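Reading through the structure tokens given below for one structure.
None of the values given here were measured: they were computed from a predicted structure. Order of listing sets the numbers, starting from 1, for every ligand and every atom in it.
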Amino acid sequence: MVGQVAELGGWIAEGGVVVLSGAGLSTDSGIPDYRGPSGSARRGTPMTYQTFTGDDVARQRYWARSHLGWRNIGDARPNDGHRAVADLQRLGLVDGIITQNVDGLHQAAGAHGVVELHGNLARIACLHCGELTGRTEMAARLDAANPAFAGVATAINPDGDAELDDAGLDGFRVVDCLGCGGLLKPDVVYFGETVPIDRVERSFALVGSARTLLVLGSSLTVMSGRRFVLRAAKLGIRVAIVNRGVTRGEPYAGIVVDAPLGIVLPHLAREATSGSPEKIRI
Ligand SMILES: [Zn+2]
């Protein structure tokens with residue numbers, strides 16, 4: 001393991017790194033990874049686009065849950081792993097960041113140019129006119145429309161969907177677009193939706209120009225992330241993975257580090273900053 005980390009330090013020092021990050025990078029920020037070993041399995045069924053747009057009661061309940069979930073995710077702060085990635089970008093060693101996370105924590109840590117494959121919970125989109133508004137404004141409108149709402153979340157999922165008893169949802173009032181009256185939805189990709197093509201193309205372009213694809217905190221279970229590893233492997237671009245637990249990318253990876261990201265990534269960033277190897281204890 002220590003040898004793998006040292007080898008990864010060598011790869012990073014050569015630059016041209018493109019990061020692909022998943023939920024495992026944000027667990028130290030208090031956002032659970034329901035697929036990873038540190039997270040409890042998700043209990044509720046994830047919202048689908050079809051249900052959200054076609055079922056008024058399901059949408060009402062979703063907004064009540066998401067409103068509660070936002071109190072958790074909206075307060076989350078970047079951790080040492082996010083800061084290390086931003087440091088490596090500042091040093092010119094990371095050329096691009098693609099994330100499956102919808103929490104905005106890469107940018108909160110100072111990273112820029114992040115491709116948010118699945119969107120960002122901090123934005124709200126009108127499904128009719130397309131206008132984007134901020135989540136803070138939406139939360140204030142929902143609070144104003146539901147002064148007596150006192151649901152208590154029993155669990156939070158990484159997509160911002162909280163879990164609570166349906167009894168706590170009765171009477172929750174949803175608000176619509178102020179401009180056109182259209183349905184409002186968090187600007188994130190739901191199950192049953194495809195990732196917008198421009199984001200996919202930007203991501204493939206980043207991967208195609210990389211010297212190393214560095215996967216951080218993703219089990220690569222879903223194809224929306226795994227396809228970039230497959231593309232890198234096909235192009236002969238080397239792949240490194242830092243993740244807790246088994247991933248589906250291991251057959252394609254030259255380096256696999258199964259260790260806490262909050263230890264490994266700051267170590268790599270310090271090495272890159274000082275330009276000399278240091279000992280790591282995992
Ligand atoms: Zn609208």
**Asked** From L88 CG over to L93 CG, what is the distance, rounded to the nearest 0.5 angstrom?
**Response** 6.0 Å

**Fill in**
Across all chains, not counting sequence neighbours, the ring-ring contact (aromatic ring centres under 6.0 Å, His included) partners of Y62 are F52, Y190

**Request:** Could you check whether the rings of H67 and F172 sit parallel, tilted or perpendicular, using 30° and 60° as the cut-offs?
**Result:** tilted

Which pairs of donor and acceptor atoms, one on a side chain in residues 224-237, lie under 3.5 Å apart (sequence neighbours left out)?
from	atom 1	to	atom 2	distance (Å)
S224	OG	H118	NE2	2.8
R226	NH1	L220	O	2.9
R226	NH1	T221	O	2.8
R227	NE	S224	O	3.2

**Complete:** Atoms listed for the Zn ion (ligand 1) (protein only, N, O or S, under 2.8 Å, no waters) are C126 SG, C129 SG, C177 SG, C180 SG

**Request:** Return the set of residues passing side chain to side chain donor-acceptor pair (under 3.5 Å) with D28 (not counting sequence neighbours), or none when no residue passes.
**Result:** none

**Request:** Could you grab the distance from atom OG of S21 to atom NE2 of H82, nearest 0.5 Å is fine?
**Result:** 6.5 Å

